[in-house]
Amino acid sequence: MSAAEKKFTLDLPLKVILTQEGISHFMSRGTQLQRFKMADNVEEHGVSLNHFSPMSLQNMILVDYISKMELAMPEFVSHRQEVMDLSKVIVYSILYKQFDREIFGKLVKCDCVRQYNRMNPSKLIDEQTRMSDRQLRNQLAVKDQTIQQSRQTILEPIWKNIMANKDYAAEEKNIYLLMTEKFLNRLSLMNWYIIVKFYKADGFDQIVSIIRDILTQYMEKSKIPEYISVMIMELALNSENTNIKKEAKLRFTGIEKSETLIFDPEIRGQIVDELVRKRKVVSLSWKIGGGSSAIGKQGSLDIRLYNQDDEFQEMKDNIESAIGANTNKKSLIDFYRQMPEGEENTDLGLYYLSYLDDACKKVGVKFDSLVNQSTSSDLTMISLKFNFS
């Protein structure tokens with residue numbers, strides 16, 4: 001999708017579960033919160049969005065207002081691009097937050113900042129420093145030229161390295177150039193306050209070096225959101241097709257190879273309507289690790305896909321006998337390998353999974369996947385866990 005075609009709003013039935021900060025924010029503005037029963041049967045409080053701006057959602061994530069989001073639909077194929085865009089917005093938001101946290105954590109330990117703190121014990125700049133956005137904006141309002149000069153100082157050598165790298169295709173170079181600016185644009189006011197305060201002071205070179213190093217690391221990590229969006233869409237479409245094929249067999253009993261009828265758009269539409277009536281949906285959720293108080297979990301993301309999948313009972317029983325009666329967990333790669341014969345997209349799913357795993361390892365992102373098929377119901381849960389810290 002080109003920039004000109006990119007949608008500025010998404011039309012998806014998104015349940016947004018709020019943090020305590022988010023609840024306080026919405027209630028202070030008179031918003032009536034809703035109670036949702038999520039796919040895992042847990043009741044949560046939040047707001048529902050059906051027509052929303054990706055940027056607005058990203059801003060809510062960046063200020064720690066959102067803890068979880070969930071989509072529940074009978075079919076995803078007609079919303080393919082929007083779901084992928086939503087996934088990328090969420091993962092990029094986590095990367096932006098982690099980038100900002102990492103920068104701040106390193107800047108307050110710089111020699112020039114420590115020296116300033118020794119000379120100004122009543123005006124410390126450290127992890128405990130709290131300044132309101134209003135204070136910071138007032139401080140930075142008259143420093144626009146310094147901010148722009150700092151940006152150029154930080155970015156120019158990185159841009160030169162990108163353009164000189166013969167391993168990058170032209171499109172990759174353009175993406176990397178864009179991503180370096182995007183990450184820097186989302187630095188918090190507090191980080192810019194520190195950058196501006198020590199601009200051209202003794203030790204400012206250390207600040208620039210730290211930001212460049214971290215920016216280069218996150219430029220490489222910026223590939224991950226695209227890989228994740230492709231992986232979850234493949235999982236969602238696979239579950240959707242499973243449900244539609246099962247419904248086709250029920251609806252057209254006695255017709256040989258009834259599953260081939262789903263390729264007729266009109267029949268497929270009828271089957272989807274029946275799934276809606278029966279409330280048979282595929283649910284996709286994103287659980288964000290936590291706010292500033294969630295030590296060690298700020299950069300975590302747990303993406304889960306839930307679907308009713310009664311075709312795996314025999315496989316469930318076999319695994320239970322091997323690893324215990326109360327649990328039925330295995331890796332996603334084992335799940336794919338043990339799928340019933342005739343299931344489509346198994347090779348494609350393994351390919352995407354392998355590609356995602358390799359990409360995460362290259363940039364130091366922790367990634368794990370598992371499948372949990374409940375012994376008390378026919379609900380299958382696929383989990384993709386990431387830690388971007």
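Just so you know, these numbers use all the heavy atoms, side chains as well, and skip hydrogens, waters and symmetry mates.
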Visitor: Does the Y306 side chain pair with the main chain of D40, one donor and one acceptor, at a distance under 3.5 Å?
Guide: no
Visitor: Measure the spacing between CG of L370 and NZ of K385 and express it to the nearest 0.5 Å.
Guide: 6.0 Å
Visitor: Can you establish whether the number of heavy atoms outside Q115 located under 6.0 Å from its atom CD is more than 12?
Guide: no
Visitor: Can you get from Y193 to I147 by hopping between Ile, Leu, Val, Met, Phe, Trp and Tyr side chains that sit under 4.5 Å apart?
Guide: yes
Visitor: Under 4.5 Å between side-chain heavy atoms, hopping through other hydrophobics if needed: is there a path connecting L49 to L62?
Guide: yes
Visitor: Which value, rounded to the nearest 0.5 Å, describes the distance between I103 atom CD1 and R186 atom CZ?
Guide: 15.0 Å
Visitor: Could you tell me if the side chain of F386 sits less than 4.5 Å from the side chain of C360, heavy atoms only?
Guide: yes
Visitor: Spell out, as yes or no, whether a donor-acceptor pair under 3.5 Å connects the side chain of T31 to the backbone of M27.
Guide: no
Visitor: To the nearest 0.5 Å, how far apart are CG in L71 and CD in E82?
Guide: 10.0 Å
Visitor: Flag yes if L140 and M131 sit in one hydrophobic cluster, no otherwise; membership is Ile, Leu, Val, Met, Phe, Trp, Tyr, and two members link when side-chain heavy atoms are under 4.5 Å apart.
Guide: yes
Visitor: Could you walk me through whether R212 and D205 pass salt bridge (charged side-chain N to carboxylate O under 4.0 Å, His left out), step by step?
Guide: CA-CA 11 Å; R212 282 180 188 157; D205 286 350; over 6 Å; no
Visitor: In chain order, what residues pass the ring pair (Phe, Tyr, Trp, His ring centres under 6.0 Å) check against Y227, with sequence neighbours excluded?
Guide: Y355
Visitor: Which heavy atom in R114 sits nearest to a heavy atom in V108, and how many Å separate them?
Guide: CG-O, 4.3 Å
Visitor: Are side-chain N/O atoms of T380 and N307 paired as donor and acceptor at under 3.5 Å?
Guide: no
Visitor: Do the side chains of L33 and L18 get nearer than 4.5 Å, heavy atoms only?
Guide: yes
Visitor: Compare every heavy atom of P121 with every heavy atom of L124, then report the nearest pair and how far apart it is.
Guide: CG-O, 3.3 Å
Visitor: Got M190 and L136 here, is their nearest side-chain heavy-atom distance under 4.5 Å?
Guide: yes
Visitor: Applying side-chain contact (heavy atoms from CB on, under 4.5 Å), can you list everything that pairs with C112, at least two apart in sequence or on another chain?
Guide: C110, F198, I207
Visitor: Answer yes or no: is there a donor N or O on one side and an acceptor on the other, between the side chain of E70 and the main chain of V16, under 3.5 Å?
Guide: no
Visitor: Going by the rule ring pair (Phe, Tyr, Trp, His ring centres under 6.0 Å), which residues pair with F26 if we only count those two or more places apart in sequence or in a different chain?
Guide: none
Visitor: Only counting residues at least two apart or in another chain, list the ones meeting side-chain contact (heavy atoms from CB on, under 4.5 Å) with I175.
Guide: E171, M179
Visitor: Kindly indicate whether the side chain of V230, heavy atoms from C-beta on, has any atom under 4.5 Å from the side chain of M84.
Guide: yes
Visitor: Side chain to side chain contact (heavy atoms under 4.5 Å, CB included) between F388 and V91: does it pass, once the steps are laid out?
Guide: CA-CA 10 Å; F388 296 95; V91 183; 3.8 Å; yes
Visitor: With sequence neighbours excluded, tell me which residues meet ring pair (Phe, Tyr, Trp, His ring centres under 6.0 Å) with F99.
Guide: F183, Y218
Visitor: Taking atom CD as the centre, does Q32 end up with more than 12 heavy-atom neighbours from other residues, nucleotides or ligands that are less than 6.0 angstrom away?
Guide: no
Visitor: Given the rule in the side chain to side chain contact (heavy atoms under 4.5 Å, CB included) test, do S389 and Q98 qualify, once you have shown the distances and angles that lead to the verdict?
Guide: CA-CA 7 Å; S389 299; Q98 281 303 107; 3.5 Å; yes
Visitor: Enumerate the ring pair (Phe, Tyr, Trp, His ring centres under 6.0 Å) contacts for residues 121-162, please, sequence neighbours excluded, ordered by first and then second residue.
Guide: none
Visitor: With sequence neighbours excluded, what pairs up with K223 under the salt bridge (charged side-chain N to carboxylate O under 4.0 Å, His left out) test?
Guide: E220
Visitor: Within this structure, what is the OG1-CG distance for the pair T9 and D85, rounded to the nearest 0.5 Å?
Guide: 11.0 Å
Visitor: Please, which pairs that meet ring pair (Phe, Tyr, Trp, His ring centres under 6.0 Å) have at least one residue in residues 28-68, sequence neighbours excluded?
Guide: H25-Y65
Visitor: List in chain and number order the residues that pass side-chain contact (heavy atoms from CB on, under 4.5 Å) with K173, two or more places apart in sequence or in another chain; answer none if no residue qualifies.
Guide: I162, M163, Y168
Visitor: Without hydrogens or angle criteria, can the side chains of E75 and S78 be said to hold a donor-acceptor pair below 3.5 Å?
Guide: yes
Visitor: What's the shortest heavy-atom distance between K123 and Y116, and which atoms?
Guide: O-CE2, 3.3 Å
Visitor: Side chains of N50 and D11 only: does a donor on one sit below 3.5 Å from an acceptor on the other?
Guide: no
Visitor: In sequence, state the C-alpha distance, the side-chain angles, and the governing distance for D302 and S383, and then conclude on side chain to side chain donor-acceptor pair (under 3.5 Å).
Guide: CA-CA 7 Å; D302 188 356; S383 174; 2.7 Å; yes
Visitor: Quick one: salt bridge (charged side-chain N to carboxylate O under 4.0 Å, His left out) pairs with a partner in residues 24-37, sequence neighbours left out?
Guide: R35-E43
Visitor: Would you call M69 and K287 a side-chain contact if the rule is heavy atoms closer than 4.5 Å?
Guide: no
Visitor: Write down the atom of T180, the atom of L177, and the distance for their closest heavy-atom approach.
Guide: OG1-O, 2.7 Å
Visitor: Taking the side chain as every heavy atom from C-beta outward, state whether Y176 and N165 have any pair of such atoms under 4.5 Å apart.
Guide: no
Visitor: Tell me the salt bridge (charged side-chain N to carboxylate O under 4.0 Å, His left out) pairs involving residues 351-366, sequence neighbours left out?
Guide: D357-K361
Visitor: Looking at N120, I'd like to know if its CG atom is crowded, meaning that more than 12 non-hydrogen atoms belonging to other residues, nucleotides or ligands lie closer than 6.0 Å.
Guide: yes
Visitor: State whether D64 and K97 are salt-bridged, where the test is any N-O pair (Lys NZ or Arg NE/NH1/NH2 against Asp/Glu carboxylate O) under 4.0 Å.
Guide: yes
Visitor: With side chains defined as the heavy atoms from C-beta onward, is the minimum distance between Q20 and S24 less than 4.5 Å?
Guide: yes
Visitor: Quick one: CG on N387 to CG on L301, what's the gap to the nearest 0.5 Å?
Guide: 10.0 Å
Visitor: Is the backbone of R134 close enough, under 3.5 Å, to the side chain of N138 for a donor and an acceptor to pair up by distance?
Guide: yes
Visitor: Check for me, please, whether M231 and I228 land in the same ILVMFWY cluster - side-chain distances under 4.5 Å, paths through other members count.
Guide: yes
Visitor: So which heavy atom on I195 is nearest to which on L187, and how close?
Guide: CD1-CD1, 4.0 Å
Visitor: Tell me whether L305 is reachable from I17 by hopping between hydrophobic residues (I, L, V, M, F, W, Y) whose side-chain heavy atoms are closer than 4.5 Å.
Guide: no
Visitor: The test is side chain to side chain contact (heavy atoms under 4.5 Å, CB included); show your working for L353 and S369 and say whether it passes.
Guide: CA-CA 9 Å; L353 181 62; S369 63; 4.1 Å; yes
Visitor: For Q148, give me all partners under side-chain contact (heavy atoms from CB on, under 4.5 Å), at least two apart in sequence or on another chain.
Guide: D144, R151
Visitor: I would like to know whether D126 and K109 meet salt bridge (charged side-chain N to carboxylate O under 4.0 Å, His left out); could you show each step before the answer?
Guide: CA-CA 8 Å; D126 59 20; K109 293 176 182 176; over 6 Å; no
Visitor: Roughly how far apart are L86 CG and H79 NE2, rounded to 0.5 Å?
Guide: 12.0 Å
Visitor: Do L237 and R80 touch side chain to side chain, with heavy atoms closer than 4.5 Å?
Guide: yes
